[in-house]
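Here's the structure, in structure tokens; my notes come after.
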Number of protein chains: 4
Amino acid sequence: MRTKPSLTPSLGGLARKAQLLDCAVDVLVELGFAGTSVAEVARRAGVSKGVVTYHFPTKEDLLGEVVASLYREAGEQIGQATGDSDSVIGELATYIRSNLTFVADHPRHVRAVMEVAANMRPADGPPGGEDPLSAHLRELIERGQATGEVADVDAGVLAMTIRASIDAAAARAACDPTADPRGHAEHLVTIVRRALLATEPR
Amino acid sequence: MRTKPSLTPSLGGLARKAQLLDCAVDVLVELGFAGTSVAEVARRAGVSKGVVTYHFPTKEDLLGEVVASLYREAGEQIGQATGDSDSVIGELATYIRSNLTFVADHPRHVRAVMEVAANMRPADGPPGGEDPLSAHLRELIERGQATGEVADVDAGVLAMTIRASIDAAAARAACDPTADPRGHAEHLVTIVRRALLATEPR
Amino acid sequence: MRTKPSLTPSLGGLARKAQLLDCAVDVLVELGFAGTSVAEVARRAGVSKGVVTYHFPTKEDLLGEVVASLYREAGEQIGQATGDSDSVIGELATYIRSNLTFVADHPRHVRAVMEVAANMRPADGPPGGEDPLSAHLRELIERGQATGEVADVDAGVLAMTIRASIDAAAARAACDPTADPRGHAEHLVTIVRRALLATEPR
Amino acid sequence: MRTKPSLTPSLGGLARKAQLLDCAVDVLVELGFAGTSVAEVARRAGVSKGVVTYHFPTKEDLLGEVVASLYREAGEQIGQATGDSDSVIGELATYIRSNLTFVADHPRHVRAVMEVAANMRPADGPPGGEDPLSAHLRELIERGQATGEVADVDAGVLAMTIRASIDAAAARAACDPTADPRGHAEHLVTIVRRALLATEPR
DNA sequence: AATGAATGAGGTTTCATTCAT
DNA sequence: CATGAATGAAACCTCATTCAT
């Protein structure tokens, strides 16, 4: 039997995968997690449903890779901007700025991952315990407190607050093109510096 | 889980409705928005699916009432604790404390509403724009800045940050029984006071 | 036990039944057979669903009575107008006129019965065989042919055609208030008379 | 590798669609519109419910195609038999004969379409106004009256009567295999000719 | 690699009916 | 008589997944 010519020829594995991930991001952003179906992703990619399940055997694989690829990119971009400061305050500022710069550069992908994270909970029930990203921040702050560099506010709460502020700005940036994540970073840095460095009045 | 070991007695309208709302909250917390089906709610209540749709014609009605009932309760409890301070810092502290006290008292309900809010997007597309709760905080802060009572940090960013911190603590409290929202409130108040009142060094 | 005061006091059986039948007719006309539910009938009557099933244990009882009551009324009204003519043509004319007069007087009820008839098929499968109403007409025509009073067209086909024309006019009248069933009757009488009495040309 | 024998082999799109339409016709004829469910159609086709919704996304699509396919076939078959007569009476006879010949050839399909038509009301409320098929007939008759070729009976009523007679014969033929639509056509032609051509006595 | 067909589970909703009060 | 609550079946539809080609 003759092979039927395909409208959408092979893209050689990796390219096809990247295309599908792109489409998945779009669908997540526009239709939300609940509205994201394999069929819709395929439709936007202009391929058949089978193509999606060929490259990503299950839906979880697809969405998991949406998350993982963002983490990979974020790790690279943020990793570069790290460690080049010797003060704790400086490191915090770098962390906040690099995080929100990344968000400003990839608002849609970030939003997509938020959709997934809010809905695809790990099999072992709700997380509970401290978020690892906050934990890292907390340790950083505690280090500064140990050396007396920064004031003695609750490190855990401040860490959570910084993380939450970054995430909120990201969420906003993903939906609202007029939002300004980089400005948010600067103002947040100011707030954090005041909280950590300032001398309380009187 | 919360089901009273009753075969299926008539509960007389309001009680049944309350029971179903309770069960819906449980399901939302444990299974997430995506895992919340009318059937599961009915199963936990020990009644048939029809009972749920009898009292809440559509799923949206059910989840909407989960949200609305929390807002009602929060409005009452938080409303009482408001306005009794004449300094902006005092009002902020009251706001933070009453919010997190409420969260400490209703962690599961709060978490359930978060699940709904994160997923049930309004028909008119993604929100965009400033969150009304943050806006209220921002105005409060700006009022203090106009009178010179507090420092000139960015009011919008600080408002978002406070709201985000409260929400993060709420999310944590809903999943982790060892979390301490009231402690979070105190530490957050300290952080905010420092950011707004302290004199920057040098 | 104290009797609970009712918003919709007892109508004494028969009146309530009549009211429910009226409402059922309305629903059938406006929403069609498929849209006719016990709940909707109750809603229009301003009573609870239970009232309907109290008076008409099953939906079939309700709709069956809609049909039966029309037949009763039609039987009375048409019965009076019958038999007072001694020519077959006269009897046919009387039949047609009395049928369409009845339709003109009860368009909604007629339409409702059509909805039911088209959908509620007898348990023993589709009817098949000659419609009894047509059969009566056919016999009448054949009687006239036996005496030579009317021409020798096919009595069965003419009978079916007359019946179908009456029904079509009824269907029209039920939906279209500008329709004129009585005019239709006159014109149909003319057509039938021509078909039965005229001498074919040449 | 040997091909695993499939219980429900792939029929290649069009064939499967045709099969499903056939089954839908059967169900409509035997169980009526109200008794026609997607599940029942699937059961008769020996496939799963999903297959039906795969080929016809909604029930309306399925039933709509039942109607449309009949119209297509009827259009072809009746179109061929049209326009080859120059007298109005001749055209009427051709119309009646071709209609009922078609009915005689496809009694079940015709009956199925009647079920659908009687129940699937257009979204814009009850129709009201003249049926387009009757309208065409009326214009034909009026043309003949304008030239004096045929008598001056009411064209609208006669048109409705002819249409109704054809439909009644079709309904009968679909349920009763002993019915004779072609015979009906001949007798109906005779009746119509007498009504239009004969000279009234006296 | 890619496709279209098929599956079956599960979701929401409607509804006739039953029953205690 | 009347009601509101409850039931359970059945409807339509969506979807992740599997499979032959």
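Within every chain, numbering begins at 1; the chains are lettered A, B, ... in the order of the sequence lines, protein sequences first and strands thereafter.
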Would the distance check show the side chain of [X] and the main-chain N or O of [Y] forming a donor-acceptor pair, the cut-off being under 3.5 Å?
X        : Y       : result
A/Lys49  : A/Val41 : no
C/Glu115 : C/Gly32 : no
B/His109 : B/Val66 : yes

Atom [atom1] of [X] and atom [atom2] of [N]: how far apart are they, to the nearest Å?
X        : N      : atom1 : atom2 : value
A/Leu63  : F/dC15 : CG    : P     : 14 Å
B/Leu20  : F/dG4  : CG    : C1'   : 15 Å
A/Gln19  : E/dA2  : CD    : P     : 9 Å
A/Tyr54  : E/dG4  : OH    : C1'   : 17 Å
D/Leu31  : F/dA11 : CG    : P     : 10 Å
C/His55  : F/dA2  : NE2   : C1'   : 8 Å
D/Met120 : F/dC12 : CE    : P     : 13 Å
D/Arg43  : E/dT7  : CZ    : C1'   : 18 Å

Dot-bracket pairing map - DNA chain F, Watson-Crick plus G-U, both contacts under 3.5 Å, | cross-strand: .||||||||||||||||||||
Step-by-step side-chain contact (heavy atoms from CB on, under 4.5 Å) determination, A/Tyr54 to A/Arg16: CA-CA 11 Å; A/Tyr54 175 78; A/Arg16 178 55 32 110; over 6 Å; no
Separation of A/Thr36 OG1 from A/Leu28 CG (nearest 0.5 Å):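 With rounding to 0.5 Å, CG (A/Leu28) is 4.0 Å from OG1 (A/Thr36).
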Basic-acidic side-chain contact under 4.0 Å: C/Arg108, C/Asp26: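 A salt bridge is present here (some side-chain N lies under 4.0 Å from a carboxylate O).
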Check A/Glu30 with A/Arg111, please: is the shortest side-chain N to carboxylate O separation under 4.0 Å?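 No, A/Arg111 and A/Glu30 are not salt-bridged.
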Would you say CD of D/Glu60 has more than 12 non-hydrogen atoms from neighbouring residues, nucleotides or ligands within 6.0 angstrom?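 Not more than 12 within 6.0 Å, no.
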Closest-nucleotide 5' rank along DNA chain F - winner of C/Val51 and A/Pro57: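 Nearer the 5' end of the strand: C/Val51.
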Kindly write out the residues that satisfy ring pair (Phe, Tyr, Trp, His ring centres under 6.0 Å) with D/His106, not counting sequence neighbours, or none if the list is empty.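 Ring pair (Phe, Tyr, Trp, His ring centres under 6.0 Å) check on D/His106 returns D/Phe102.
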What's touching nucleotides 9-11 of chain E from the protein side, N or O pairs under 3.5 Å?
none

Minimum-distance nucleotide (side-chain atoms of C/Thr53 versus F/dC13, E/dT17, F/dG8):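 The answer is E/dT17, which lies nearest to the side chain.
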Whether C/Arg16 contacts F/dA2 is assessed here as follows: a side-chain N or O lying under 4.0 Å from the phosphate OP1 or OP2. Is that the case?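 So the side-chain polar atoms of C/Arg16 do come within 4.0 Å of the phosphate oxygens OP1 or OP2 of F/dA2, strictly under.
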